[in-house]
Amino acid sequence: MTGASDATLPPRWTSAPIGTLFDSWGGHTPSKGIRRYWAPGVPWVSSKDIKSDRLISTAHQVTAEAVHETGLKVCPKGAVLVVVRSGVLAHSLPVAIADMPVVINQDLKAFFSNQPLMNEWLAVFLRSSARRLLSTTRRDGTTVQSIQHPLLKATMIPVPPLDVRRKLLGLLRDAGEKQSSAASHLAATRLILERFRKAVLVAACTGRLTADWREHAHPAPAGPALQRRRESERARLGTKYREPFVPDAAKLPGIPEGWTWATLPELGELGRGKSKHRPRNDPRLYGGNYPFIQTGDVARSGGRITDHTQTYNEAGVLQSRVWPERTVCITIAANIADSGLLTYPACFPDSVVGLIADEQVALPEYVELFVRTARSNLAALAPATAQANINLAILAEVAVAIPPIEEQREIVRLVGELFKAADMLVTQVDGAARRVDRSRQALLVKALRGEFLAVPEDAEDAEDARA
Amino acid sequence: MRVDVVQKLWNFCHTLRHEGVNYGDYVEQVTLLLFLKMADERGISLPSYMTVEEHTGKPIEVACDWQTLTKFSGSELVEHYDKVLGELGKQQAILGQIFAGSQNRLRKPASFKQFLRVIDETEWTSLDVDVKAAAFEGLLEKAAAEGKKGAGQFFTPRLLIRAMVRCIKPDPRGGREFAIGDPAVGTGGFLVAAYEWLLDETGGAFERDLARRIRTSTYYGTEIDEKPRRLALMNLYLHQVEPLIENGDSIYEAPGSQRFDVILTNPPFGTRGANQAPDRDDFAVQTSNKQLNFLQHVLTVLKPGGRAAVVVPDNVLFAQQAGDIFKVLTEDCDLHTVLRCPRGTFSPYTEGTNTNVIFFTKGRPTVHTWIYDARGNVPKITKKSRPLAAKHFEAFEKCYGDEPNGQSKRSESDSAEGRWRRFTIEEIQEKQYKLDAFKWIRDEELDDDEDLPAPESLIAQAIEELQLALDDLADIERLLVGDVNGRLS
């Protein structure tokens, strides 16, 4: 037997089976073959129309003829409509109050009382007891779940006197509004925090994040370190040395003093992943001990590549190359410039470009941050990227804003902390949102038991208690 | 000529930046030195300080004026200037007000000397007031835009100020003790604009007594922070006005006895410094919300019949206790006009805050309120690609009408775009006095990544949203817990 146990009912409350307090009836679908039945007339409700607490419109309507000729009973405005047959009953019980007179199909039942505020009270009861009702009265049909009408009618419903009903319904409505409002503010907070992460990245790579730090730390400028590297490369490579592409600073956004523009090849060893063997996806190369990072792994990494789904075996490794930990990986196919740092040595295909940073000049962690911001700004930085793909030549001309090396360290540290704080906040916001959600149900249950109401002692108090 | 002056001053700023003088400090130092230079040009005598001559041990008097300053060099220059600032800070009247608490940030003699030369080159007093003032405003604007934090909160965009001033018409000829005030005066933008408006309207021709009254006993301000107050004094001084700007806390201190015919103000946004409700008998509502408290303060210090234009963030139109405050406001005042400003109006000074201007006249209750929505479907204002322009407020000013208390004959069709609507006090009561509820323009503007606000302001926004969520949750709690007797209240 379902329903509130009488022993715990507050004084002046009663309890009775739903069937004795409410009229109820069902409906059906007029023959779809008869055209004159299906034209604007009376709204005809199917389970799909029940999407919220109030029913204000339906997908279909049937004519007055259909109603008369097929014996449909019109539900008055204010009737409680309950879905009793539908797959959705596996997890929820849709209940709505009709804002206008309607007819229903065979998947719903309608309940109606002309006592004031009884229909609203029934709707509240059904919603709060949904789980109990679904587990005890549901009969699993072959294709859809259903609730037995007789059992619904036999279910006991606790009923407070009118003044208490009015008060509780008012309270639930007000609380419901506040809960929705709170939930939407929490959702807004999540969105803001996502934008916050982006804004932090942008501030980091334009120098704004470390503006205060710079004033106290006075780091040695980045230019000379880059110069030194150029010279040593020139010396090392001799005739093979190629002058780096120098970005035109005039066309680029302003950067703080001490920062300088450079391109990726100047920051270390830049190269495409190796896949010498053809076909590239020859199964004889895979299934071994060497982690094989694919473009999807980089795209999903969120900045740090911590797992992989594929591995190379000895044959695979021989036709490829193992890149060291902390290589900056940048995809050049499928997605534009997704990036991530290797957290262990791995191979990757030629759809990924790797940079082994020279830490005299650039920290791989900083470069990865920059590439993340550059992703959406690629248009501003690399003019030739109108196409969906970028190739190594284009990537090699992308201008990277290089701060002094100590500032890079500070930027990486700060961004890490800010992201961590944002993540924690998101977790807490999510937790709060879940709790607000659960509180809806908790509120309904308490209302049904009259628990948070102090009971008026006598009739006089009942007068005072009227809203 | 103006370009030269601003540019010259600004170029030198970069030199000093290397020594750790940030933009805000730089403007302050310019203020102090400019003042000394102009006092010198005008022949205003300045006091001296006593010290001991190095070689002889004899006590001597050293003058604080510009001529003496320029004769020093090396480390003595820096020491001397320190003493000058100290001495002048002890003086009366505007001199003391400008120099009190000032600090010399120019510690390197070579660049200091160079700086003096840059300033010395120009005959500042012979420059048009316009030029000087504009130069100064230009510097303030740059400092506000460049500064990462702090500087922005003292700066309201000039275009918005001018629109507000043109609507509210702060005309001191309206009475013998006409007073125009700003309880959050910052760098003095509103007072300057009010004076400039008057000059525009009248051509600047006043008979002598009126001129003196206007110049010396019309413009009032309160500012809690020494630095912007100094700049405000300087700003108005350059416009040849002697304002009465006190250093004080408009909210937490008891209001003085001065009352105002016109108030123009932009209380600082945010919650910094607002931890508890102020102890003010004249405040009908107990709240720690800074902007709401400024509104209550304005209500107190307006003369009956006085009018006000106040910039408020969105939060003030829907916050928890905003309804209570606006209930009082609409009972005691005619809240005749509200302007919803475009997104990004305060960019780059304060990113991300959406703002409004409310106009009200004290002494009769509100019957209806006109709202102008300049925000819906208007692209967000950005510093570079879509800067604030006169056109953003032109249509609003036309709808506002000529009568400063909003009493011009108005009609919704005055706005071709349907941005101008009238709401009765009953409609406002229905929404619990939360003016933010009246939105009728279907807004399809989206924020794009290009105009991402600064992280700090996103955090401020997040805090606001969370605060609103908390307000809602507190409401729910109140609904559940009920009154003291355990009954539903």
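What's counted below: heavy atoms across the whole structure, side chains too, no hydrogens, waters or symmetry copies. Residue numbering restarts at 1 for every chain, and letters A, B, ... go by the order of the sequence lines.
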Exercise. Nearest 0.5 Å please: distance from the CD1 atom of A:Ile192 over to the CG atom of B:Leu458.
Key: 7.0 Å

Quiz item: For A:Gln179, is it the side chain, the backbone, both, or neither that has a heavy atom closer than 4.5 Å to a heavy atom of chain B?
Solution: both

Practice problem: Inspect the surroundings of CD in B:Gln429 and state if more than 12 heavy atoms from other residues, nucleotides or ligands are less than 6.0 Å away. | Solution: yes

Quiz item: How would you list, in number order, the residues of residues 406-431 of chain A that have a heavy atom less than 4.5 Å from chain B?
Solution: A:Val429

Quiz item: Could you give the distance from CG (B:Leu470) to CG (A:Leu186), rounded to the nearest 0.5 Å?
Solution: 8.5 Å

Quiz prompt | B:Gln103 CD: over 12 foreign heavy atoms closer than 6.0 Å | solution = no

Quiz prompt | Atom group of A:Ala175 that falls short of 4.5 Å from chain B, counting heavy atoms | solution = both

Practice problem: For residues A:Phe196 and B:Ile459, report the shortest heavy-atom separation together with the two atoms involved. | Solution: CE1-CG1, 3.3 Å

Self-check item: Side-chain heavy atoms of A:Arg208 within contact of B:Pro455, under 4.5 Å
Solution: yes

